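Comments concern the structure below.
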Amino acid sequence: MAIKQKTKSLKARQDKLSDTFFQLNVLNGKELKDTTFPKFSDQIKQAGFTSLKPSQISIFQLNIGKLCNQTCSHCHVDAGPDRTENMTRELLEKCVEIIAHPSITTVDITGGAPEMNPNFRWFVEACTALGKKVINRCNLTIIRANKKYHDLPDFFAKHQVNVVSSLPYFSKRRTDAQRGDGVFEDSIKALEMLNAVGYGKEGSGLQLDLVYNPTGAFLPGDQLSLEKEFKSQLKRRYNIDFNSLYVITNIPISRFLEYLLASENYEMYMDSLVQAFNPSTVENLMCRNTISVGWDGYLYDCDFNQMLDLKVAAPKSQHINDFDMDLLNKRSIVLNQHCYGCTAGSGSSCGGEIT
Amino acid sequence: MKNKKEGYYQPEDLKKFGKITEFQEELGKKFFDYYGAVFKDGALTAREKALIALAVAHSEQCPYCIDAYSSDCLAKGADEEQMMEAVHVAAAMKAGVALVHATQMMGHVKKLTM
């Protein structure tokens, strides 16, 4: 079934929010809203950190393109079929050189739909040849989008790729409301295809994890409890198996910020994040062991800083061509008001809860 | 007091619930400890308890509780269908409670009439 897109990208609509500087001004009470919240950097200081520093970069996360077959209403990347940005082979080759560094254990590939980058398969093979764990953030429907993607489950299995897929809910209504009409049906079919090659099945060694993120202006509940519910419901309704559920908080940027403003939930949502600030999450924030690489090779502390164009605070190592592990391990992490999204409640990261 | 909104049931008052300890700390604290313990996972899951609370919120017609437990049910992974079914349980109970009293009425009427 063809997906009915929810919207176009902010960029295609020439929306003011496509300007990252404008987004930061909104988050800091200087545009659209005059509401200000306590500065995140002050909260970190009160929690006993003079500045936030990396522990050791071990996860190399790449956003290899903004092109996607979906236009989800909460997308922090502002991805969609109307975006054309894709990482080049030349930059990916440079990334492979860096990934060979012994401290890098995991390569985390995201997008857009990363599989739409023509260099995707070559890159996965190059990383697995180095013996690195490869995570692919797959939106599921790409597997069904075109014949040329139908063999992706076999490709993932052959290279032992850890497939991490968004499925915001185990029902059509909630999933399609966030991701577009037809997405739920295609997602279930894609999950069946992944299960058929062994993904999510006990003893197969093929890891299939799902990502839950709330389909609206509310914070996620307990990860373990939601995982139990997802497992039971997906098994009972569709005979689907998976390994773990990662619960991720929606970060108030890009199209999710647009939704919060349009639905008049912005203040309430930000207040919920601020009230739920949990100092014990800080130690395990993903920005402390991850480096995030943009499609054009620039380096960021995380995928969210990337989407706000907040480059790493290491002036001599801001691009993949100037990658310097020592300088990057000594940098201070760039903070702003959206960081409240990762420290609320049990915390949030690309691997789910962090406490 | 400046800027105080007049009238009952102001949504922002829900945020002040925790401050009831201001006038009686010991009992308020005991209540919140108990309340917190009740809503944890137990023989019933926290989600099932939130759905029960949502039903009670409707039968008790408490707008604070309806807002709070609608949010809580969503956060805990309940969907619209489950939440509406919980409200129907409350509605059915309300109707049943009214109708079961009809037996009292019928008995009394039968006693008084030929």
Side-chain angles (χ1 to χ4, degrees), chain A residues 35 37 74 167-178 184 210-234 236-237 245-250 260 263-265 267-276 341 344-346 348 352-353, chain B residues 2-5 9-22 28 32 35-55 57-58 63-89:
Chain A
T35 324
F37 296 93
H74 71 306
L167 189 72
Y169 207 64
F170 45 76
S171 73
K172 179 177 164 59
R173 181 208 304 243
R174 200 75 75 70
T175 302
D176 287 1
Q178 183 189 72
F184 184 74
L210 297 183
V211 170
Y212 162 88
N213 55 314
T215 49
F218 56 94
L219 304 188
D222 173 68
Q223 181 164 285
L224 199 61
S225 163
L226 282 164
E227 180 182 286
K228 273 167 73 179
E229 181 72 356
F230 264 68
K231 282 196 169 174
S232 135
Q233 295 278 1
L234 285 174
R236 184 173 64 81
R237 298 182 189 197
L245 183 77
Y246 297 152
V247 165
I248 298 185
T249 303
N250 285 313
L260 289 175
S263 61
E264 299 187 345
N265 280 312
E267 280 94 343
M268 180 278 292
Y269 189 76
M270 283 304 292
D271 189 51
S272 304
L273 293 179
V274 173
Q275 295 301 324
S346 299
S348 181
E353 285 183 357
Chain B
K2 279 183 184 175
N3 298 326
K4 174 146 177 44
K5 283 188 184 170
Y9 291 132
Q10 298 299 331
E12 56 271 24
D13 283 347
L14 177 58
K15 287 184 194 166
K16 300 173 193 161
F17 187 20
K19 291 184 180 165
I20 63 159
T21 51
E22 193 179 318
F32 283 117
Y35 194 89
V38 164
F39 280 94
K40 283 186 177 161
D41 275 322
L44 294 171
T45 65
R47 177 176 38 260
E48 288 163 342
K49 289 176 182 180
L51 285 163
I52 294 170
L54 184 70
H58 281 77
Y64 298 126
C65 308
I66 291 172
D67 279 2
Y69 283 97
S70 298
S71 299
D72 201 40
C73 284
L74 285 171
K76 290 190 163 65
D79 68 6
E80 290 88 338
E81 212 176 340
Q82 292 169 334
M83 289 161 70
M84 188 56 89
E85 282 188 19
V87 176
H88 277 292
V89 171

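Every chain is numbered from 1, with letters handed out A, B, ... down the list of sequences. No hydrogens, no waters, no symmetry mates; every other heavy atom, side chains included, goes into these values. Everything numeric in this text was worked out from a predicted model, so none of it was measured.
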Quick check on [X] against chain B: is it the side chain, the backbone, both or neither that has a heavy atom closer than 4.5 Å?
X	answer
A:Pro214	neither
A:Tyr212	side chain
A:Gln233	side chain

If you count heavy atoms of other groups shown closer than 6.0 angstrom to [atom1] of [X], is the number above 12?
X	atom1	value
A:Glu264	CD	no
A:Met268	CE	yes
A:Lys228	NZ	no

>> Checking B:Glu80 against A:Arg174 for the salt bridge (Lys or Arg N to Asp or Glu O under 4.0 Å) test, could you report, in this order, the C-alpha distance in whole Å, the side-chain angles of both residues, the deciding distance, and whether it holds?
In response: CA-CA 9 Å; B:Glu80 290 88 338; A:Arg174 200 75 75 70; 3.1 Å; yes
>> Between A:Tyr169 (side chain only) and B:Gly77 (backbone N and O only), is there a donor and an acceptor less than 3.5 Å apart?
In response: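 Checked: pair present.
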Could you tell me the separation between the [atom1] atom of [X] and the [atom2] atom of [Y], rounded to the nearest 0.5 Å?
X	Y	atom1	atom2	answer
B:Cys73	A:Phe218	SG	CZ	10.5 Å
B:Leu74	A:Thr215	CG	OG1	7.0 Å
A:Ser225	B:Lys40	OG	NZ	14.0 Å

> Which atoms of B:Ala50 come close to chain A, meaning under 4.5 Å heavy atom to heavy atom: side chain ones, backbone ones, both, or neither?
Replying inline: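 It is neither, since no heavy atom gets under 4.5 Å.
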> Where does B:Asp79 contact chain A at under 4.5 Å (heavy atoms): side chain, backbone, both or neither?
Replying inline: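 For B:Asp79, backbone and side chain are both near chain A.
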>> I want to check something: taking the side chain as every heavy atom from C-beta on, are B:Lys76 and A:Leu226 in contact at a cut-off of under 4.5 Å?
In response: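 No; the side chains remain at least 4.5 Å from each other.
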